[in-house]
Colleague: 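A single structure is presented below for examination.
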Amino acid sequence: TKRSLVTSIGAAHPCGAYMASRTFLRRPLSALVLASALSVRCVAQSVVAEGCAAAASGECDVANMLQVPSPRMLGEAADDETASSSHPNRQPMPGHRTKHPKPSHGKEHAHGPWKEWPPRQWLGGGKCEMALDKECAVMPCALNHGPTQCLHDGLSRKRCFCSPGYCLNEDGICVLQLRTVKANVMPVNSEQRMGPIKRGLCSSGGGGRALSYFVGVLRGLTTLGLMPEFEELVTISGSSWASSIYMFAKNPDEELLGARTAPEKLTLDFLDQNASLIGWTQTRSTDMLAIELLALKCPPEKLWQSLIGKTFLEPFGLNAPNVMLAASPKSVARIKANNPELENATFYTPRPDRPPSYVMLGALLTPDRHKASAETAVALQMSPGQIGSPYHPSGKKLSSDPLSPMVGSNTTFLVGDGFVESFAFGGAAPTNPKVQSGGDDVWVGAPPVPFTLADAVGVSSFMPAPDFANSALLNMLNPRIHYWPVTSKKFPPSEPGGVFELADGGDLESSGLLPLLQRHVESVVWVANSNQGLNRTYPWRDFCGMKKGKRSWESFDPVAAGLISQLVDKFGYGAEVSDSLDYLIYNTVFERFELLPVACKLWWSEQRGMPAVVRFKPTVLPNDRWGLEGGNQVDVLLVYLLNVEGFNTKLPKHTQDEIQLGEHGSLAHWPYYKTTLQNPPEVTSYTMRQVNLLSALGEHAVMSHSPLFKSFLRK
């Protein structure tokens, strides 16, 4: 598979094979992004010729478009977007009739050269020019022009125009004609802390494996009627793919999560059915979607977010490029009342029957074109209502070196200490220091385009960003945003902020637990979507056996025992499980001696053929990097993905036989599916059989411990 991947990249671009063979053979996802970026010139013509008819815009009179109350007003996005397409490799959403949606070619644009802020997108008034000098009768409007639509110009021609409420800037990009908006700025520091909350749910990263297992856990918790008990949901990477649909899609739970299952009924034929809509999204091919986006000139820093949006959100009408985010309909009403120019704006808000607080964890990696490291990276918490980073990490400013002397010199910068409302995220910092330190309904810079749901989900899952940040060639592929910190008494001067590169939250902390600890959570259900089993050759009985004279925790080696990094880094082993950049070294929140009892419970669960659901109650340690005071106890219910013999033996014989085939069967690597190239040549997608069986395992973990979950969440 690796050899064919290198060959295909080399065929697309003369230096592609060299780059793939030298750098990315061990990182297939990185190879996909690189291959797509290098090969666009070779494949664009054929893809556009095949797909432009499906992508071409519907007819519309340009006069109707211009009848907006103000050129500053943001137009509504179409509500009837679907996942259907005329592409032969694209399947319609299961259980739904194939439609021909109203196309929308508007996408988030690239913020120019990323060298200054505010960029030239900001207009100072005057005439709003909306017509691009581009025809779209054959080829759709290119995505690098920002939010656009294809319309008749009154001369029997189809031309590209900016979407309603957007105007052309000097660079030929369609941007919002807004300088400022009124928004809430929420400080979070040592004097103004978050929380407390009683119960939280977090689910780790892990690509399609995380999505599949987490869908099953959600199904089990929903079956038991326990989801209303959670006040906050925190997800990362593949779990964010699932949770974003769960939080926003209007479909009934039985459609989204699937009906309840029993291991005895999981025949191969049953597993091949489209059991859940969220699970079905993991079967969609990202390969051709990526090529289509590049053929439409998707800006490189928007490629991954756009790909994730098309794959997971578009089937549910959640991928409109101009739709803003807000916490609730009540928040939308307040935002529009404070900003009349946004009267016609469309917002995505979470469902009212979901956890009231929702965080997708990403990372502020480093200032643009500067070297990334554990010292420069901090968590970026993206919610429907607010986005930002709480607390100044370690209570100080950070610094980073440039990628090259041509970029500039060492940069010292301030990050953290609070949030700005999501609809205003990405704009310029307020010039008034009092405003930047927090307040309700204060004037802040408006973003050129909204930070969308697809942006948040994409950023939360862009794992290669740290490697790309330190590469002059691949740096352009990292997501970017203009970010400014919330100031405080310790750092009172106004801080203009700047352009930052963004990354997967799992590059810093893959569990989602630490944002909940920042909110002083009392009880947590922690779903750990592990990528490996325990090491069965490790001398577990020497540590966990019943005999006297057991070995102590000081000699226990969690890495050799096969425990995953998202667990052991919380107990002070971050350096042992970090890569060369040491991103996990700041995640210590529990004492080392508290890990061994947890590890033994996991081992005993596996020995008994039971799902690994372990309860423990550690004391939280102070952690300046994450702003934790420490001293409190947190009640944790850990749901740890392991191979469960008791589940496997209940499966029908043909399903068991398929598992026994190992890498030669359709359930290869069970249950630790690979995040990339599980089904080569497909890079990220799974089969419905694989998704359904892993979801059933997650459901089984909850249902087999239903009394424990009920007592834990209803205490």
Colleague: Would you say Ser461 and Trp241 are linked by a side-chain donor-acceptor pair, where the criterion is simply a distance under 3.5 Å?
Modeller: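 Yes, Ser461 and Trp241 have a side-chain donor paired with an acceptor closer than 3.5 Å.
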Colleague: Taking atom types as modelled and ignoring hydrogens, do the side chains of Glu699 and Thr261 form a donor-acceptor contact shorter than 3.5 angstrom?
Modeller: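 There is such a pair (donor and acceptor under 3.5 Å, judged by atom type) between the side chains of Glu699 and Thr261.
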Colleague: Should the ring pair Phe590 and Phe571 be called parallel, tilted or perpendicular, given that the plane angle runs from 0 to 90° and is split at 30 and 60?
Modeller: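 It falls in the tilted class, 30° to 60°.
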Colleague: Nearest 0.5 Å, please: how far is CD in Glu594 from CZ in Phe616?
Modeller: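 One finds 8.5 Å between CZ of Phe616 and CD of Glu594.
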Colleague: Are there more than 12 heavy atoms of other residues, nucleotides or ligands under 6.0 Å from atom CZ of Arg351?
Modeller: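 Count over threshold, so yes.
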Colleague: So does Arg354 pair up with Asp253, basic N to acidic O under 4.0 Å?
Modeller: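 A salt bridge is present here (some side-chain N lies under 4.0 Å from a carboxylate O).
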Colleague: Would you call Asp272 and Arg689 a salt bridge, taking side-chain N to carboxylate O under 4.0 Å as the test?
Modeller: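 Looking at Asp272 and Arg689, the cut-off is met.
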Colleague: Mark yes or no: Arg592 above the aromatic ring of Tyr573, with NZ or CZ under 6.0 Å from the six-membered ring centre and no more than 45 degrees from the axis.
Modeller: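 The answer is yes, since Arg592 meets both limits relative to Tyr573.
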Colleague: Do NZ/NE/NH1/NH2 and the carboxylate oxygens of Glu509 and Lys570 come within less than 4.0 Å?
Modeller: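 Yes.
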Colleague: Is it the case that over 12 heavy atoms from other parts of the model lie below 6.0 angstrom from the CD atom of Glu254?
Modeller: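 For Glu254, atom CD is not crowded (no more than 12 foreign heavy atoms under 6.0 Å).
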Colleague: So how far is it from Phe709 CZ to Ser704 OG, rounded to the nearest 0.5 Å?
Modeller: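 One gets 8.0 Å once the value is rounded to the nearest 0.5 Å.
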Colleague: Check step by step if side-chain contact (heavy atoms from CB on, under 4.5 Å) holds for Val459 and Met382.
Modeller: CA-CA 9 Å; Val459 167; Met382 300 168 288; 4.0 Å; yes
Colleague: Is the closest side-chain donor-acceptor distance between Ser240 and Thr235 under 3.5 Å?
Modeller: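 A donor-acceptor contact under 3.5 Å links the two side chains.
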Colleague: Are there more than 12 heavy atoms of other residues, nucleotides or ligands under 6.0 Å from atom NZ of Lys250?
Modeller: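 Yes, because the 6.0 Å sphere around NZ of Lys250 holds more than 12 heavy atoms from other groups.
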Colleague: Step through the shown structure and confirm whether more than 12 heavy atoms of other residues, nucleotides or ligands are within 6.0 Å of CD on Glu663.
Modeller: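 No.
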Colleague: Short question: side chain of Gln656, backbone of Thr649 - any donor-acceptor pair under 3.5 Å?
Modeller: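 Yes, the answer is positive, given that a donor and an acceptor are paired below the 3.5 Å cut-off.
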Colleague: From the options Leu637, Leu713, Val234, Val527, select the one residue that forms a side-chain contact (heavy atoms from CB on, under 4.5 Å) with Leu201.
Modeller: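 The side-chain contact (heavy atoms from CB on, under 4.5 Å) with Leu201 is passed solely by Val527 among Leu637, Leu713, Val234, Val527.
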Colleague: Can a side-chain donor-acceptor contact be found between Ser203 and Asn529 if the only test is distance below 3.5 angstrom?
Modeller: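 The criterion, which ignores hydrogens and geometry beyond distance, is satisfied for Ser203 and Asn529.
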